[in-house]
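Scroll down for the structure; my scribbles are underneath it.
Naming convention: chains lettered A, B, ... in sequence-line order (proteins, then strands); numbering from 1 in each chain.
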There are 2 protein chains.
Amino acid sequence: MENMKKVPECPVEITLQLIGDKWKVLIIRDLLTGTKRFSELMRSVTGITQKVLTSHLRAMEAAGLVSRKVYPEVPPKVEYSLTETGYSLKPILDSMVLWGMQYKSKL
Amino acid sequence: MENMKKVPECPVEITLQLIGDKWKVLIIRDLLTGTKRFSELMRSVTGITQKVLTSHLRAMEAAGLVSRKVYPEVPPKVEYSLTETGYSLKPILDSMVLWGMQYKSKL
DNA sequence: CAGCATCCTTCAGGATACTG
DNA sequence: CAGTATCCTGAAGGATGCTG
């Protein structure tokens with residue numbers, strides 16, 4: 001059973017496995033400001049397609065970072081929000097924002 | 001001239017453009033502990049190939065994150081280290097390490 | 001509205017061989 | 001040792017159409 005490489009020893013690699021992806025970071029950034037509907041995310045995450053947004057939301061849901069709430073209405077309404085674990089990523093995002101601003105000012 | 005999307009407005013996207021890549025994060029992590037030779041990086045960045053390591057180092061050099069020092073010897077000796085800008089990424093890496101550890105302990 | 005199903009393209013990254 | 005040069009594959013992601 002050498003296929004248990006799902007859990008790397010190194011902490012950074014764990015983090016990368018969960019959010020080491022451009023789209024995921026952008027989705028989390030937008031969810032940090034509060035609950036969003038699917039269509040809102042489609043608009044706020046510039047350039048993402050339905051398929052990609054869906055698959056990433058599913059993956060993050062499975063990882064316990066995002067929760068999905070379906071309202072049994074017509075037309076359908078689905079809201080996504082960060083779980084406590086997902087929200088705990090905020091420090092990482094914050095430092096990325098801070099660094100990005102500093103880097104930009106040096107250009 | 002709509003091809004000027006090289007500099008996104010959003011700080012997070014700037015950061016992602018420079019280190020939004022699994023390999024780059026791992027390379028930076030290893031350089032944070034000090035100057036490394038090419039072969040040392042090949043070993044410490046588990047699983048990376050020569051070509052990929054080279055291309056990422058070049059990109060990070062161009063971005064001003066990494067400096068490359070060539071010693072005119074035989075056999076060749078090349079050392080890579082973080083620039084001040086590159087080192088300033090440490091808080092991001094630190095928060096990723098911290099988060100990774102916390103997430104792991106919840107599994 | 002919030003998706004799922006398909007098909008198709010692209011290119012990051014891997015494998016291999018060669019060199020100053 | 002530290003690369004460069006090719007070739008090649010897979011899978012991430014884009015485009016489009018359909019539906020509960």
Side-chain angles (χ1 to χ4, degrees), chain A residues 3 5-6 8 12-13 16-31 34-63 65-82, chain B residues 2-3 5-6 8 13 16-31 34-63 65-82:
Chain A
N3 52 352
K5 47 170 53 177
K6 297 304 184 66
V12 178
E13 289 173 18
L16 285 173
Q17 220 167 44
L18 294 171
I19 61 160
D21 181 288
K22 172 194 166 190
W23 291 128
K24 287 188 179 124
V25 174
L26 294 176
I27 293 170
I28 290 167
R29 179 197 59 182
D30 290 340
L31 287 179
T35 297
K36 294 272 188 311
R37 296 185 60 170
F38 186 85
S39 52
E40 291 183 288
L41 286 173
M42 275 292 290
R43 263 174 277 118
S44 61
V45 183
T46 312
I48 201 169
T49 60
Q50 276 179 342
K51 180 186 161 188
V52 174
L53 178 55
T54 302
S55 66
H56 280 111
L57 284 171
R58 292 284 184 280
M60 292 165 75
E61 196 187 351
L65 303 179
V66 167
S67 74
R68 178 171 180 265
K69 183 167 186 182
V70 182
Y71 294 84
E73 307 174 358
V74 175
K77 175 179 174 182
V78 180
E79 284 185 345
Y80 291 92
S81 56
L82 292 176
Chain B
E2 208 58 44
N3 52 353
K5 47 170 55 175
K6 297 303 184 66
E13 288 174 19
L16 286 173
Q17 220 166 45
L18 294 171
I19 62 160
D21 182 288
K22 172 195 166 190
W23 290 128
K24 286 187 179 125
V25 173
L26 294 176
I27 293 169
I28 290 168
R29 179 197 59 182
D30 288 341
L31 288 179
T35 297
K36 294 273 189 311
R37 297 184 59 170
F38 186 84
S39 53
E40 290 181 289
L41 287 173
M42 275 293 290
R43 263 174 276 118
S44 61
V45 183
T46 313
I48 201 169
T49 61
Q50 275 179 340
K51 180 187 161 187
V52 175
L53 178 56
T54 301
S55 65
H56 280 110
L57 284 171
R58 293 282 184 280
M60 292 165 76
E61 197 186 350
L65 303 178
V66 166
S67 75
R68 177 171 180 265
K69 183 168 186 182
V70 182
Y71 294 83
E73 308 174 356
V74 175
K77 175 179 174 182
V78 181
E79 284 185 345
Y80 291 92
S81 57
L82 292 177

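Distance from the side chain of F38(A) is smallest for dA2(C) among the nucleotides dA2(C), dG13(D), dG14(C). Among the nucleotides dA2(D), dC4(C), dC7(D), the one closest to any side-chain atom of P76(B) is dA2(D). Among dC1(D), dG13(C), dG14(D), the nucleotide with an atom closest to any side-chain atom of W23(B) is dG13(C). Closest approach to the R58(A) side chain among dC4(C), dG3(D), dG13(C) is made by dC4(C) (side chain taken as heavy atoms from C-beta onward).
A donor N or O paired with an acceptor N or O is found under 3.5 Å between the base of dG14(C) and the side-chain atoms of K51(B). Under 3.5 Å, the side chain of Q50(A) and the base of dC4(C) form at least one donor-acceptor pair of N or O atoms.
Overall, the helix from dC1(C)-dG20(D) to dG20(C)-dC1(D) carries an axis bend of 60° between its ends, with five pairs at each end and the value rounded to 10°.
Side-chain N/O atoms of Y80(B) include none lying less than 4.0 angstrom from OP1 or OP2 on dC1(D). For R43(A) and dC1(C), the shortest distance from a side-chain N or O to OP1 or OP2 is not below 4.0 Å. Side-chain N/O atoms of S39(A) include one lying less than 4.0 angstrom from OP1 or OP2 on dA2(C). Between H56(B) and dA12(C) there is no side-chain polar atom (N or O) within less than 4.0 angstrom of OP1 or OP2.
When rounded to the nearest whole Å, the span between CE of M42(A) and P of dG14(D) equals 10 Å. We find that CD of E79(A) is positioned 9 Å from P of dA2(C), with the value rounded to whole Å. Atom-to-atom, CG of L41(A) to C1' of dA2(C) comes out at 12 Å; the value is rounded to the nearest Å. Rounded to whole angstrom, the span from the CD1 atom of I48(A) across to the P atom of dA12(D) amounts to 14 Å. Between the C1' atom of dA12(C) and the CG atom of D21(A) lies a distance of 13 Å, rounded to the nearest Å. The separation between K77(A) atom NZ and dG20(D) atom C1' is 19 Å, rounded to whole Å.
Remark on DNA chain C: of its neighbouring residues G47(B) and R37(A), the 5'-side contact belongs to R37(A), judged by nearest-heavy-atom nucleotide.
Using a 4.0 Å heavy-atom distance criterion, Y71(A) is classed as making no nucleic acid contact.
Atoms OH and CD, on Y80(A) and E40(A) in that order, are 12.5 Å from each other to the nearest 0.5 Å.
In this structure, S44(B) and D30(B) approach most closely via the heavy-atom pair OG-OD2, 3.0 Å.
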Check: residues 18-28 of chain A side-chain donor-acceptor pairs under 3.5 Å, at least two apart:
unit_1, atom_1, unit_2, atom_2, d
D21(A), OD1, W23(A), N, 2.7
D21(A), OD1, K24(A), N, 3.3
D21(A), OD2, H56(A), NE2, 3.4

